[in-house]
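What's counted below: heavy atoms across the whole structure, side chains too, no hydrogens, waters or symmetry copies. These numbers were taken from a predicted model, which means no experiment stands behind them. Atoms within each ligand, like the ligands themselves, are counted from 1 in listed order. This chain uses plain numbering: 1 for the first residue, then up along the sequence.
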Amino acid sequence: MAGVDFSRLPSVDRLLAEDAGRALAAQFGAREATNALRAALDDARDAMKSGAACPAPEAVLVAADQHLAARAMPSQRRVFNLTGTVLHTNLGRAVLPEAAIEAVVEAMRHPTTLEYALDGGARGERDDHVRGLVRELTGAEDACAVNNNAAAVLLVLATHAKGRETIVSRGELIEIGGAFRLPEIMRRANTRLVEVGATNRTHLKDFEEAITPKTGMILKAHTSNYIISGFTKEVPAPELAALAKKHGVPLFDDLGSGTLVDLSRYGLARERTVQDALKDGADLVSFSGDKLLGGPQAGFIVGQKDLVRACAKNHLKRSLRLDKLRLAALEATLRLYRNPDTLHETLPTLRFFNRKRPDMCAQAQRLLPAWQAFLGEGWEAGVMDCASQIGSGALPLDTLESAALFAAPQAKRKGKGLDALAAKLRSLPVPVIGRIAEDRLMLDLRCLEDEATFLAQLGSAA
Ligand SMILES: *Cc1c(COP(=O)(O)O)cnc(C)c1O
């Protein structure tokens with residue numbers, strides 16, 4: 001330590017007086033610039049203690065600039081989702097339609113009629129902006145909207161089964177990610193869980209025998225992210241509805257994804273729609289806004305008017321309500337459903353589902369030379385068939401034929417390099433998120449629309 005001469009390092013004040021120092025202060029503010037220069041000088045001192053030469057003032061300024069640029073980088077950033085999972089919960093689920101983006105920008109920039117009725121100026125209700133559309137599209141008597149589907153389930157149970165019992169089949173005690181576990185939500189809603197049947201088989205008489213004067217609700221939950229197969233029995237929804245009706249107990253169907261259209265039009269398996277669940281006789285149905293629906297995070301409660309109104313009037317609703325931005329996005333998204341014939345163009349989620357393998361194959365061939373150049377020596381690269389997933393626990397076993405760019409380490413670097421390659425892709429200006437399987441890194445192209453940006457950054461990194 002003794003013997004290292006720090007006296008030739010410039011002072012913070014001297015650096016701030018340089019042109020580049022003044023530019024940093026002008027761009028980031030004097031305090032940020034000062035702190036960054038101090039940090040850069042600390043780093044220089046540490047390096048000198050380990051034997052490095054005293055850096056030139058310009059080098060300290062460059063280091064400070066890099067430090068400030070890194071600090072200015074937003075935490076939540078745009079990425080390329082090439083994982084092959086279209087509705088990726090960790091990557092923000094549905095990409096919103098242009099109409100929703102425009103509506104959100106307008107609502108951010110200006111005051112709105114959020115709770116204001118223009119005809120007469122009386123105080124309106126915020127959910128009115130989507131209530132009519134949801135009723136029209138689902139055929140439900142009434143509708144309300146909350147923060148997400150987990151909140152919708154909580155609100156329904158807390159409103160209609162609080163202090164009472166809720167009957168659920170043992171085959172439907174779902175966990176959707178760590179954050180949503182049915183038994184846990186029931187505890188929060190203060191309703192006692194009454195499990196009936198066995199994991200694989202539940203009969204109508206199991207429900208019937210469990211109904212007592214303490215029953216508040218029968219809950220049917222969509223087993224969104226798993227399948228029970230083999231020797232199984234599930235009570236069909238209409239039979240459960242008839243039983244509930246006979247005993248004067250409401251039937252609540254938590255649909256999870258809740259699509260409003262027949263997905264077989266887009267090459268997917270037919271999933272029960274919200275309309276189906278209502279026709280089957282559920283008194284209340286809940287579903288998400290940002291799964292198959294393709295909108296912003298939200299949860300809907302639809303069904304019988306008096307039951308929905310009771311949910312909307314619950315004090316809890318205030319804590320679970322949507323803000324003007326998401327209501328704007330939701331309204332614009334729902335409006336697109338008035339023209340189902342163009343949904344596969346206007347709604348990004350359906351647009352992604354609707355892409356066919358030859359389309360992705362052609363795209364992969366276009367991108368292959370740039371991909372090879374980016375990889376450089378030591379990699380086998382090419383185009384391969386793969387299968388995309390829907391994601392978010394929707395249609396867990398259903399996949400879509402897709403195509404990917406892949407990279408596999410050549411024999412001499414076997415087993416090494418895949419993680420490093422994935423990290424390199426994540427460090428691009430717009431991080432690229434792929435997936436590693438069977439000793440390859442794959443980029444499923446189903447969700448790649450902005451090909452120009454993708455190509456440009458591969459090119460500049462090569
Ligand atoms: C996804 C899902 C939920 C949770 O919905 P969020 O909108 O993520 O809160 C609840 N129930 C079922 C059946 C689901 O599939």
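Minimum heavy-atom separation, K317 to C311: CB-O, 3.8 Å.
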May I have a table of the N/O to N/O pairs between ligand 1 and the protein that fall below 3.5 Å, each row giving the two atom names and the distance to 0.1 Å?
| from | atom 1 | to | atom 2 | distance (Å) |
| --- | --- | --- | --- | --- |
| ligand 1 | 5 (O) | S288 | OG | 3.3 |
| ligand 1 | 7 (O) | N149 | N | 3.0 |
| ligand 1 | 7 (O) | S288 | OG | 2.6 |
| ligand 1 | 8 (O) | R93 | NH1 | 2.9 |
| ligand 1 | 8 (O) | R93 | NH2 | 3.0 |
| ligand 1 | 9 (O) | N148 | ND2 | 3.4 |
| ligand 1 | 9 (O) | N149 | N | 3.3 |
| ligand 1 | 9 (O) | A150 | N | 2.9 |
| ligand 1 | 11 (N) | N149 | ND2 | 3.4 |
| ligand 1 | 11 (N) | D254 | OD1 | 3.4 |
| ligand 1 | 11 (N) | D254 | OD2 | 2.7 |
| ligand 1 | 15 (O) | S224 | OG | 2.4 |
| ligand 1 | 15 (O) | K291 | NZ | 2.8 |

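Not one N or O on the side chain of R270 forms a donor-acceptor pair closer than 3.5 Å with the backbone of S264.
Between E136 and R338 a salt bridge is recorded (basic side-chain N to carboxylate O distance below 4.0 Å).
T191 and T166 form a side-chain donor-acceptor contact under 3.5 Å, judged by distance and modelled atom types alone.
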For residues 234-255, which side-chain N or O atoms pair as donor and acceptor with protein atoms under 3.5 Å away, sequence neighbours left out?
| from | atom 1 | to | atom 2 | distance (Å) |
| --- | --- | --- | --- | --- |
| E234 | OE2 | K220 | NZ | 2.7 |
| K246 | NZ | E208 | OE2 | 3.0 |
| H247 | NE2 | E208 | OE2 | 3.3 |
| D253 | OD2 | R272 | NH1 | 3.0 |
| D253 | OD2 | R272 | NH2 | 3.1 |
| D254 | OD1 | N149 | ND2 | 2.9 |
| D254 | OD1 | G256 | N | 3.1 |
| D254 | OD1 | S286 | OG | 3.2 |

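Between F80 and F454, the two ring planes are perpendicular [angle over 60°; tilted spans 30° to 60°].
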